[in-house]
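See structure below.
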Amino acid sequence: MSLDQEIYRQRRQKLEQLRELGEAPYPHRFERSHALAAIVEQYGAKDAAALEQEKVRVKIAGRVLTLRPHGKAGFAHLQQDDTRLQVYIRQDAVGEHDFAIWKLLDLGDWAGVEGWLFRTRTGELTIHAEKLRLLAKACLPLPEKWHGLQDVERRYRQRYLDLIVNPESRRVFRLRDGVVRSLRAAFHERGYLEVETPMMQPLAGGAAARPFTTHHHALDLTLYLRIAPELYLKRLVVGGYERVFEINRNFRNEGISTRHNPEFTMLEFYEAGSDYRALMEWSEQLLARVAREAAGGEKLQFQGRELNFGAWRRLSLRQAVCEYWPAAAGAAPRLEELADAAAVRRYLDAYNRIAAPGERYSPIDAAQQPSPGEQIVALFEAVAGDELFEPTIIYDFPLAVSPLAKSKDDEPDWVERFEIYAGGLEIANGYSELNDPEEQARRFRLQAEGEAARVDEDYIHALAYGMPPTAGEGIGIDRLVMLLAGAVSIRDVILFPLLRPEGVEREDQE
RNA sequence: GGGGCGGUAGCUCAAUCGGUAGAGCAUUGCCCUUUUAAGGCAAGGGUUCUGGGUUCGAGUCCCAGCCGCCUCACCA
């Protein structure tokens, strides 16, 4: 018998002993007078004399995280949410019956305690117990109290254990709640309507990513999990909701990495009457606000460096290519050269001469990036993307990679689009929305050329009813939380990241 | 999918050149009425991820597989 099984057996046995004491092993309810946090907040500052005089009575519940028995007395720490509070129990105060329950307690059990507040000799706020109940037994042992749970795989697979013993994990998900809360407040204050659009779509549009496929039996219909909510949200703008936002999951059937989880949370929003310039302004304010409200300030530590959401840089995509051009690849391009296809190709070749797989600069396959626009974007991502640590807005993108964005008035091959980078992560993407149905149809057809992709005719149809000038943006919530929480992996900010299941036969062996 | 690294007691980690698999916490028993990584005495606990191979002998070396981490590729 393994130790785990042995402990399980022993602890079930203790439940039997509890029954013999006349106690229900899993009582139905236990009313509390205070949350532990409320006790610390209200009485944490009172000294021993004041507590002695008031003799505050409390009834609380928590998970037993430490046990220090001392013969006919003992101490325990109970944890509830993010708060730990000490309990002092002695046989002459609780009586033999409740003291027998105390002796049956194990680390991890849920206990209910009634008593009064005092301070110990060492000054710690403590509940002097008068009644004790077992509320739920931990039949399996918790990870070690001092080191916590270190094994990253188990932290993800058994997140509940991680949350019990690693306060840092609880901090991250509380911060995540704060981020979403702050964002919602900001959008509602700005007159936005929160909506929910389909996650199961007959056509997966709004981004260029491989979708997950599923099937509806009654309709005998192939459906796709959405890769973006964009085309539905803009239908709502056509419908007359001038400001809409959605915070929800997108699903992309692609590789997994420290920055990519197959399902991730995206905030997308659209406002009529705006253009990309207005959204750049608002985005800077919005992210600074979220940093203040959810992370305690605009200045944060990320990867050992200061990240300041109050200090923004802005440069065009073409400027970024010139500015971050690696010296080893020769003279950096001049801005005006990037208007010339042959020049762009020369710089791409110059770049590839210093690039090597696995190195800082990895090669760019020109065949996969046939147009000058795609080549410039590939160069940008290769030379600048990872370098953009300070919060930076990169604006003006090639039309070739932006089928849903409106062209610039003075440069038809470029669009009014921007991306936001921080900590080396791409966290947002926004643009002035293309609202000419014929131009949109032309771009869809261009995009679908040679591919099996179908065109979302209903979206074109919707635009034909007239969408006012509109700007829209998407912000990756997981990555934003990473920055604000100082997390190095996206899996540290997602409660249950996707892992390969253990001990399950794989379905499609290749 | 490619490359690199890792998987040892319930947890956190050791194990020298290939030579009897250990420690702390946890667990069990006894003592202990202000401790806090409580303490004291004693005890139990191992398919070293899985399967092969080399060897007198494998946690250690070799091969294959599983799972994870990092990285590259993929990724508007």
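Proteins get letters first, then strands, A, B, ... in listed order; numbering begins at 1 in each. None of these values were measured; they are calculated from a predicted model.
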Side chain of [X], heavy atoms from C-beta onward: which of [options] has the nearest atom to it?
X: A/Arg500; options: B/C67, B/G10, B/C70; value: B/C67
X: A/Arg157; options: B/G24, B/U34, B/G68; value: B/G68
X: A/Gln10; options: B/C70, B/U28, B/U12; value: B/U28
X: A/Glu144; options: B/C70, B/U27, B/C25; value: B/C25
X: A/Gln150; options: B/U27, B/U12, B/U33; value: B/U12
X: A/Tyr88; options: B/U35, B/U33, B/U28; value: B/U33

Taking atom CD as the centre, does A/Glu52 end up with more than 12 heavy-atom neighbours from other residues, nucleotides or ligands that are less than 6.0 angstrom away?
no

Assign [X] to base, sugar-phosphate, or nothing according to its heavy-atom contacts below 4.0 angstrom with the strands shown.
X: A/Tyr156; result: sugar-phosphate
X: A/Leu499; result: sugar-phosphate
X: A/Phe118; result: base
X: A/Lys14; result: sugar-phosphate

Can you see whether A/Trp116 has A/Lys55 sitting over its ring - NZ or CZ less than 6.0 Å from the centre and within 45° of the normal?
yes

Can you confirm if the NZ or CZ of A/Arg318 lies within 45° of the ring axis of A/Trp414 and under 6.0 Å from the centre of its six-membered ring?
yes

Donor-acceptor contact present, side-chain A/Ser402 to main-chain A/Pro398, <3.5 Å
yes

Please check: side-chain N/O of A/Asp47 versus main-chain N/O of A/Ala50, any donor-acceptor pairing under 3.5 Å?
yes

Sort out the partner of B/G68 for me: Watson-Crick or G-U wobble, both distances under 3.5 Å, none otherwise.
B/C5

May I ask which nucleotide in the shown strands pairs with B/A21, Watson-Crick or G-U wobble, both distances under 3.5 Å?
none

Spacing of [X] atom [atom1] relative to [N] atom [atom2], expressed in whole Å:
X: A/Asn166; N: B/C11; atom1: CG; atom2: C1'; answer: 11 Å
X: A/Glu153; N: B/C11; atom1: CD; atom2: C1'; answer: 15 Å
X: A/Asp162; N: B/U12; atom1: CG; atom2: P; answer: 11 Å
X: A/Leu105; N: B/A26; atom1: CG; atom2: P; answer: 15 Å

Distance below 4.0 Å between [X] side-chain N/O and [N] OP1 or OP2:
X: A/Arg259; N: B/U71; value: no
X: A/Arg491; N: B/C69; value: yes
X: A/Arg68; N: B/U35; value: no
X: A/Arg154; N: B/C11; value: yes
X: A/Thr66; N: B/A37; value: no
X: A/Lys145; N: B/A26; value: yes

Can you find an N or O donor on one side and an acceptor on the other, under 3.5 Å apart, linking the side chain of A/Glu6 with the base of B/G10?
no

Answer with yes or no whether A/Asp92 presents, from its side chain, a donor or acceptor under 3.5 Å of a partner atom in the base of B/U33.
yes

Start at the 5' end of RNA chain B and walk down; is the nucleotide closest to A/Pro143 or to A/Thr120 reached first?
A/Pro143

Give me syn or anti for B/C72, where syn covers glycosidic angles within 90 degrees of 0.
anti

Quick one: which protein N/O atoms are closer than 3.5 Å to N/O atoms of nucleotides 74-76 of chain B? Pair and distance per line, please.
unit_1 : atom_1 : unit_2   : atom_2 : d
B/C74  : O2     : A/Gly255 : N      : 3.4
B/C75  : O3'    : A/Ala208 : O      : 3.0
B/C75  : O2'    : A/Glu254 : OE1    : 3.0
B/C75  : O2     : A/His260 : NE2    : 2.8
B/A76  : OP1    : A/Ala208 : O      : 2.5
B/A76  : O3'    : A/Arg417 : NH2    : 2.8
B/A76  : O3'    : A/Glu419 : OE2    : 3.4
B/A76  : N6     : A/Gln447 : NE2    : 2.2

Check: A/Tyr421 ring centroid to A/Phe380 ring centroid under 6.0 Å:
yes

Got a salt bridge between A/Arg119 and A/Glu124, using NZ or NE/NH1/NH2 to carboxylate O under 4.0 Å?
no

Between A/Asp396 and A/Arg417, is there a salt bridge with N-O shorter than 4.0 Å?
no

Test A/Val113 against every option in A/Val94, A/Asp98, A/Ile60 by the side-chain contact (heavy atoms from CB on, under 4.5 Å) rule and name the one that passes.
A/Ile60

